[in-house]
Novice: 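Quick one: structure below, then a few questions.
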2 protein chains.
Amino acid sequence: MLRLSKLTDYATVILSHIAKESGQTHSALCVADATGIALPTVSKILKILVNAKVLVSTRGIKGGYALARAPENISVADVISALEGPIALTECSISHEGCEQASGCGISANWGLINQAIQHALEAVTLADMIKPVNVPQEFMIPVSSIYRPI
Amino acid sequence: MLRLSKLTDYATVILSHIAKESGQTHSALCVADATGIALPTVSKILKILVNAKVLVSTRGIKGGYALARAPENISVADVISALEGPIALTECSISHEGCEQASGCGISANWGLINQAIQHALEAVTLADMIKPVNVPQEFMIPVSSIYRPI
DNA sequence: CTAAATAGAACTAAAATAGTCCACAATTAC
DNA sequence: GTAATTGTGGACTATTTTAGTTCTATTTAG
């Protein structure tokens, strides 16, 4: 399947938990308890999310983690790219080196466009959406034509 | 990155090559030569694509592989799901067993919707599009609202 | 100073992926 | 009918990626 790593999956669960009480700071231990994910794993993910500026942390005895901005401003794309790097389906969308297929590499440009379509889809969904019960803006349209033009 | 396996990447290259001369049958060897991908790998991918009914094969001395239908009717989604199984970003979109996160799994329904949006995006692009130089129908719109409703 | 918390890096183990190989089946040419 | 060519299916191995753990520093409240 078009797979997201388990860590990314956990990250969305963790962020959802934090987003539900956006004001507070949450310690790694407290998040681990609430989500049922093992503490070292939670800790690792939280660190990554801080580096990606999705979370902010405070050290010290009353420290913990909190969202870096409002849930409406954190997209699923932000979370995915924090954990998995740039959103691109194929290697050659990122770097072209060594891609010397004898024929047929007008393809890469097309992949680029597909990637952009998907990226826009993922940017359109925010943490705020994720914590809402399923229920959606009527006009959640992705105008692919606007991005589907030569790079 | 939101990654597609290398085999899937190869598959699009291989299919593009075959699509460029849709009438003929192509032997595995001939495809390997044309694409620069190692023969055993090409062979493996071709077999998978036959099982997925994207290609048809004929055996014997004049045998080889050909598209099962017109390039316009083979979508990128077909190719991806042939090689990677159902298009879903997270485990729990496919099966729910064992997903007992203490809190916060109203998330899975939302993932389901995101998956569908992406699937539709990938279904909208065909092999025929891939072999064209970048150049696109003006109204390649994905009306996500039509699918973004409770399952 | 001490306790509780994050930061960062290194390491190990497990799982998925890529790639190869082989014995078999089908078809065609001669 | 036999041999040559091509696909079929499965098993296997090596490599790479991912997941998960552990350890040592650093920060800060009390």
Side-chain angles (χ1 to χ4, degrees), chain A residues 1-14 18 24-33 35-68 80 82-85 89-91 94 98, chain B residues 1-14 18 24-68 80 82-85 88-91 94 98:
Chain A
M1 69 179 178
L2 182 68
R3 195 165 69 78
L4 234 44
S5 76
K6 242 191 237 183
L7 291 185
T8 307
D9 200 356
Y10 293 161
T12 60
V13 173
I14 290 171
I18 295 176
Q24 303 170 234
T25 66
H26 301 252
S27 74
L29 182 59
C30 137
V31 172
D33 283 347
T35 58
I37 302 169
L39 176 58
T41 303
V42 169
S43 180
K44 181 178 187 172
I45 293 169
L46 290 169
K47 288 175 210 170
I48 292 170
L49 291 171
V50 169
N51 279 322
K53 302 194 194 312
V54 170
L55 294 176
V56 292
S57 63
T58 51
R59 288 190 176 190
I61 196 167
K62 295 187 72 175
Y65 298 90
L67 297 185
I80 292 176
L83 279 110
E84 324 218 0
L89 295 181
T90 60
E91 271 309 329
I94 295 177
Chain B
M1 69 177 179
L2 182 68
R3 196 167 69 81
L4 234 42
S5 75
K6 242 190 236 182
L7 291 186
T8 306
D9 200 355
Y10 292 161
T12 61
V13 173
I14 290 171
I18 295 177
Q24 303 171 233
T25 66
H26 302 253
S27 73
L29 181 60
C30 137
V31 172
D33 283 348
T35 59
I37 302 168
L39 177 58
T41 302
V42 169
S43 179
K44 181 178 188 172
I45 294 169
L46 291 170
K47 288 178 217 172
I48 293 171
L49 292 171
V50 170
N51 280 322
K53 302 195 195 310
V54 170
L55 293 177
V56 290
S57 63
T58 50
R59 290 187 175 191
I61 196 168
K62 296 187 70 175
Y65 298 88
L67 298 184
I80 292 175
L83 279 109
E84 323 217 2
L89 296 181
T90 59
E91 271 307 330
I94 295 179

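Everything quoted here is computed from the prediction, not taken from an experiment. We name chains A, B, ... by the order of the sequence lines, and we start the count at 1 in each one.
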Novice: Once you round it to whole Å, what is the distance between P of C:dA16 and CG of A:L4?
Specialist: 15 Å
Novice: Think A:S43 has a side-chain N or O under 4.0 angstrom from the OP1 or OP2 of C:dA7?
Specialist: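 It does not, given that no N or O in the side chain of A:S43 lies less than 4.0 Å from OP1 or OP2 of C:dA7.
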Novice: Would one find a side-chain N or O of A:T41 under 4.0 angstrom from OP1 or OP2 of D:dT21?
Specialist: yes
Novice: Using whole Å, report how far CD of A:Q24 lies from C1' of C:dA5.
Specialist: 17 Å
Novice: Out of curiosity, A:Y65 OH to A:I45 CD1, how far, rounded to the nearest 0.5 Å?
Specialist: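 Here the interatomic distance stands at 11.0 Å.
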Novice: Could you tell me the separation between the CD1 atom of B:I48 and the P atom of D:dG10, rounded to a whole number of Å?
Specialist: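 Distance, rounded to whole Å: 12 Å.
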Novice: With a 4.0 Å cutoff (strictly under), does any side-chain N or O of A:Y65 reach OP1 or OP2 of C:dA7?
Specialist: yes
Novice: Just the atom pairs and distances: protein N or O near nucleotides 9-12 of chain C's N or O, under 3.5 Å.
Specialist:
none

Novice: Could you state the atom-to-atom distance from CD1 of B:I45 to P of C:dT20 in whole Å?
Specialist: 11 Å
Novice: Would you say the side chain of B:L4 lies within less than 4.5 Å of the side chain of B:D9, judging by non-hydrogen atoms?
Specialist: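 No. Closest side-chain heavy atoms not under 4.5 Å.
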Novice: Starting at atom CZ of B:R3, determine the distance to atom P of C:dA15, rounded to an integer number of angstrom.
Specialist: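 Taking atom P of C:dA15 as the reference, CZ of B:R3 is at 18 Å.
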Novice: At under 4.0 Å, does any side-chain N or O of A:Y10 touch on OP1 or OP2 of D:dA19?
Specialist: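 Result: no.
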Novice: So, is A:N51 close to the C:dA7 phosphate, meaning a side-chain N or O under 4.0 Å from OP1 or OP2?
Specialist: no
Novice: OG1 of A:T8 to CD1 of A:I48: how many Å apart, nearest 0.5 Å?
Specialist: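 Going from the OG1 atom of A:T8 to the CD1 atom of A:I48 covers 8.5 Å.
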Novice: Looking at every strand, decide which applies to A:L7 at a 4.0 Å heavy-atom threshold: base, sugar-phosphate, or nothing.
Specialist: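 Counting heavy atoms under 4.0 Å across all strands, the contact made by A:L7 is with sugar-phosphate only.
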Novice: Hey, are the side chains of A:S43 and A:K47 touching, using non-hydrogen atoms and a 4.5 Å cut-off?
Specialist: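 A side-chain contact exists here, since the closest heavy-atom pair is under 4.5 Å.
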Novice: At what distance, to the nearest 0.5 angstrom, does OG1 of A:T25 lie from CG of A:L55?
Specialist: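 Reported to 0.5 Å precision, the distance equals 11.5 Å.
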Novice: Could you tell me how far apart B:L49 (CG) and D:dT8 (P) are, to the nearest whole angstrom?
Specialist: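 In whole Å, D:dT8 P lies 11 Å from B:L49 CG.
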Novice: Rounded to the nearest 0.5 Å, what's the gap from CG on A:D33 to OG on A:S27? Could you check?
Specialist: 8.0 Å
Novice: Holding to side chain to side chain contact (heavy atoms under 4.5 Å, CB included), I want the full list of residues that pass it with B:A52, two or more places apart in sequence or in another chain.
Specialist: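 Result, side chain to side chain contact (heavy atoms under 4.5 Å, CB included) vs B:A52: B:V54, B:A82.
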Novice: Determine, for nucleotides 23-30 of chain C in 5'-to-3' order, which nucleotides have protein heavy atoms under 4.0 Å from the base (write B), from only the sugar-phosphate (write S), or from neither (write -).
Specialist: --BBBSS-
Novice: Between atom CD1 in B:I37 and atom P in C:dT17, what is the gap in whole Å?
Specialist: 18 Å
Novice: Hey, what do you get for SG (A:C30) to CD1 (A:I18), rounding to the nearest 0.5 Å?
Specialist: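 These two atoms lie 8.0 Å from each other.
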Novice: Checking the side chain of A:T35 only, and the main-chain atoms of A:V31 only, is there a donor and an acceptor separated by less than 3.5 Å?
Specialist: yes
Novice: Please state how far atom CG in A:L46 lies from atom C1' in D:dT21, giving the value in whole angstrom units.
Specialist: 16 Å
Novice: Does D:dT17 have OP1 or OP2 sitting under 4.0 Å from an N or O in the side chain of A:S5?
Specialist: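 A:S5 to D:dT17 OP1/OP2: no side-chain N or O under 4.0 Å.
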Novice: Hey, could you give me the CG/CG distance between B:L83 and B:L49, rounded to the nearest 0.5 Å?
Specialist: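 So the CG of B:L83 and the CG of B:L49 are separated by 5.5 Å.
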